[in-house]
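None of the values given here were measured: they were computed from a predicted structure.
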Amino acid sequence: MPKLTDDSANERIVATLAASLVVPVAMTHPLAGPDGDDEGGNDDSGEGQVGIATRTRAKPKKPSQFKVLMLNDDYTPMEFVVMVLKRFFRMDMEQATQVMLHVHQRGVGVCGIYPYEIAETKVNQVMDFARQNQHPLQCTLEKA
C-alpha cells in the first residue's frame, strides 16, 4: 500500500473507495486529533500508519407503542362514537360498531396501538372533535 504523505492523496483514496464498506483512513496515533497531532505532542516524523475503518449500520430501535383508549360515558351517542372510530382510526362500520359496543359494555376499549406521537395526536383529534360537537367523550393513551 502506498505511503500517504499529503492530504490530497488521502482525499483521492477516500473518494475512490467511498462506495465500499471498507475505507482506508490515515492515522498517526490512536489518540490523534483532526490535524494528526496526538494529545499535545507534535508528530513531525511524517510516518503515517494506515488503518481500516468499517461502516456499520446501526439497527434503529423500535419506538415504544401506546394504546389509544376510549372511555364510556352516559351522554355521547353511540352513532357519534362509531363516526369517530371510522374517521380517526380508519375502521370499517363493522369494526367501529364492535369497538363501540365493547366500550359501552366494559367501560373502556382500545381504538388502536401507535408510536407515542401518533397516539397523542389521535387522542387530541378525538377530544377536539368531541368538544366541537358538544360531547363529553373521553380518550386517553397508555403504554402498550
Joint cluster assignment, [X] & [Y], ILVMFWY side-chain distance < 4.5 Å:
X: M78; Y: V110; value: no
X: V82; Y: L101; value: yes
X: M83; Y: Y75; value: no

Rounded distance (nearest 0.5 Å) linking atom [atom1] of [X] with atom [atom2] of [Y]:
X: Q105; Y: N72; atom1: CD; atom2: CG; result: 10.0 Å
X: L69; Y: I113; atom1: CG; atom2: CD1; result: 9.0 Å
X: L71; Y: R106; atom1: CG; atom2: CZ; result: 15.5 Å
X: H102; Y: T97; atom1: NE2; atom2: OG1; result: 14.5 Å
X: C111; Y: K122; atom1: SG; atom2: NZ; result: 10.0 Å

Could you give me the CA-CA distance, side-chain angles and deciding distance for T76 and V81, then say whether side-chain contact (heavy atoms from CB on, under 4.5 Å) is met?
CA-CA 7 Å; T76 305; V81 174; 3.8 Å; yes
Closest heavy-atom contact between C139 and M127?
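Between these two residues, the closest heavy atoms are N-SD, 3.3 Å.
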Check K86 against A96 and note the closest heavy-atom contact, atom names and distance.
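Smallest heavy-atom distance, with atoms named: CG-CB, 3.8 Å.
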Measuring only between side-chain heavy atoms, which start at C-beta, is [X] closer than 4.5 Å to [Y]?
X: Q138; Y: M70; result: no
X: M91; Y: V99; result: yes
X: L141; Y: K67; result: no

Check whether any side-chain N or O of R131 sits under 3.5 Å from a backbone N or O of L137 as a donor-acceptor pair, and report yes or no.
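Yes: the side chain of R131 pairs with the backbone of L137.
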Is the backbone N or O of Q132 less than 3.5 Å from a side-chain atom of Q134, with the two atoms forming a donor-acceptor pair by type?
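A pair under 3.5 Å: no.
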Please walk me through it: do T121 and N124 pass side chain to side chain donor-acceptor pair (under 3.5 Å)?
CA-CA 5 Å; T121 299; N124 290 333; 5.8 Å; no
ring-ring contact (aromatic ring centres under 6.0 Å, His included) pairs, two or more places apart, involving residues 106-144
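Every ring-ring contact (aromatic ring centres under 6.0 Å, His included) pair that includes a residue of residues 106-144, provided the two are not neighbours, is F66-Y116, F80-F129, F80-H135, F88-F129.
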Could you walk me through whether M100 and L85 pass the side-chain contact (heavy atoms from CB on, under 4.5 Å) check?
CA-CA 8 Å; M100 177 275 296; L85 292 167; 4.3 Å; yes
